[in-house]
Amino acid sequence: MPKDTNNFFIHVPVIEGGLGVVVLKYAIPLMQKIRLEKLLGSNDPAVAAVVGTTFVANMLHNDSVPLQVTGIPICNKENLNSALAYDSHCSLDGSGLKKCSQVSIANKWVDSPTHLMSGANYIGAIQVCGNLMATAARMARWPQHDVACDACSRTESLGHILQVCPRTSGARIHRHNYVLAML
């Protein structure tokens, strides 16, 4: 992946259009708190003795500075996933993934790849999904790059190349006809 890949794309759950890599910075404190809260209900005398220590009490009541993802307080795993997805969908690269959760099967290939997709194709599909391909619009984030398409002089973005550029119209028509024949 390019060095300027949005961290939210890496950490957003797969169902929301990301790669689903756990953010340990937020996940570990949440897991610790959940495990300590489960200890409170234990009938075991040794566990009750540990729960009664000031260390455990401080760990359970250490909410003076709550975890936050870009200003959104995090209190559970679902809240963390929602905050990550929200921030990803607000970015330029992740805005096209807003409706991914409405079709949960659409991104199943990310965390359950099959032998039908080679490693190179998988990497290419991740790059397309995350809007990480080296298009002129993406490269314009760096100095000295022109954003115009060589074929039609419009802004060369991934959406432009895949949907409207005359250079790729033959491949789009071929793909359309192939899908139609398969159906």
**OP:** Indicate the atoms forming the closest heavy-atom contact of G17 with C129, along with that distance.
**Re:**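 What the structure gives for the nearest pair is O-SG, 3.9 Å.
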
If hydrophobic clusters are built by linking Ile, Leu, Val, Met, Phe, Trp and Tyr wherever their side-chain heavy atoms come under 4.5 Å apart, do [X] and [Y] end up in the same one?
{"X": "I74", "Y": "F8", "result": "yes"}
{"X": "L40", "Y": "V47", "result": "yes"}
{"X": "V21", "Y": "V110", "result": "yes"}
{"X": "L19", "Y": "L158", "result": "no"}
{"X": "V14", "Y": "I123", "result": "no"}

**OP:** Quick one: list whatever passes side chain to side chain donor-acceptor pair (under 3.5 Å) with T168, sequence neighbours left out.
**Re:**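 T168: side chain to side chain donor-acceptor pair (under 3.5 Å) contacts with R172.
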
Are the side chain of [X] and the backbone of [Y] linked by a donor-acceptor contact shorter than 3.5 Å?
{"X": "N76", "Y": "N79", "value": "yes"}
{"X": "Y122", "Y": "W109", "value": "no"}
{"X": "H89", "Y": "E16", "value": "yes"}
{"X": "S82", "Y": "E78", "value": "yes"}
{"X": "H160", "Y": "R154", "value": "no"}
{"X": "Q127", "Y": "M133", "value": "no"}
{"X": "S88", "Y": "A85", "value": "no"}

Measuring from [X]:[atom1] to [Y]:[atom2], what's the distance to the nearest 0.5 Å?
{"X": "T5", "Y": "I126", "atom1": "OG1", "atom2": "CD1", "result": "11.0 Å"}
{"X": "L39", "Y": "I34", "atom1": "CG", "atom2": "CD1", "result": "12.5 Å"}
{"X": "N107", "Y": "S101", "atom1": "CG", "atom2": "OG", "result": "10.0 Å"}
{"X": "N131", "Y": "F9", "atom1": "CG", "atom2": "CZ", "result": "9.5 Å"}
{"X": "H174", "Y": "S169", "atom1": "NE2", "atom2": "OG", "result": "13.0 Å"}
{"X": "H11", "Y": "Y26", "atom1": "NE2", "atom2": "OH", "result": "9.0 Å"}

Original post:
side chain to side chain contact (heavy atoms under 4.5 Å, CB included) with A148: which residues, sequence neighbours excluded?
Top reply: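 Scan of A148 (side chain to side chain contact (heavy atoms under 4.5 Å, CB included), adjacent residues dropped) gives D146.
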
**OP:** Please assess M1 against I10 for the test side-chain contact (heavy atoms from CB on, under 4.5 Å), listing each intermediate value before the final yes or no.
**Re:** CA-CA 10 Å; M1 291 190 282; I10 296 169; 4.0 Å; yes

Original post:
Hey, are the side chains of I105 and K108 touching, using non-hydrogen atoms and a 4.5 Å cut-off?
Top reply: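 They are in side-chain contact.
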
Original post:
Given I28 and M31, is the side-chain contact (heavy atoms from CB on, under 4.5 Å) satisfied, shown in steps?
Top reply: CA-CA 5 Å; I28 290 173; M31 288 188 285; 4.1 Å; yes

**OP:** Report the C-alpha separation of V147 and E156 in whole Å, then their side-chain angles, then the decisive distance to 0.1 Å, and conclude whether the side-chain contact (heavy atoms from CB on, under 4.5 Å) test is met.
**Re:** CA-CA 6 Å; V147 296; E156 183 188 88; over 6 Å; no

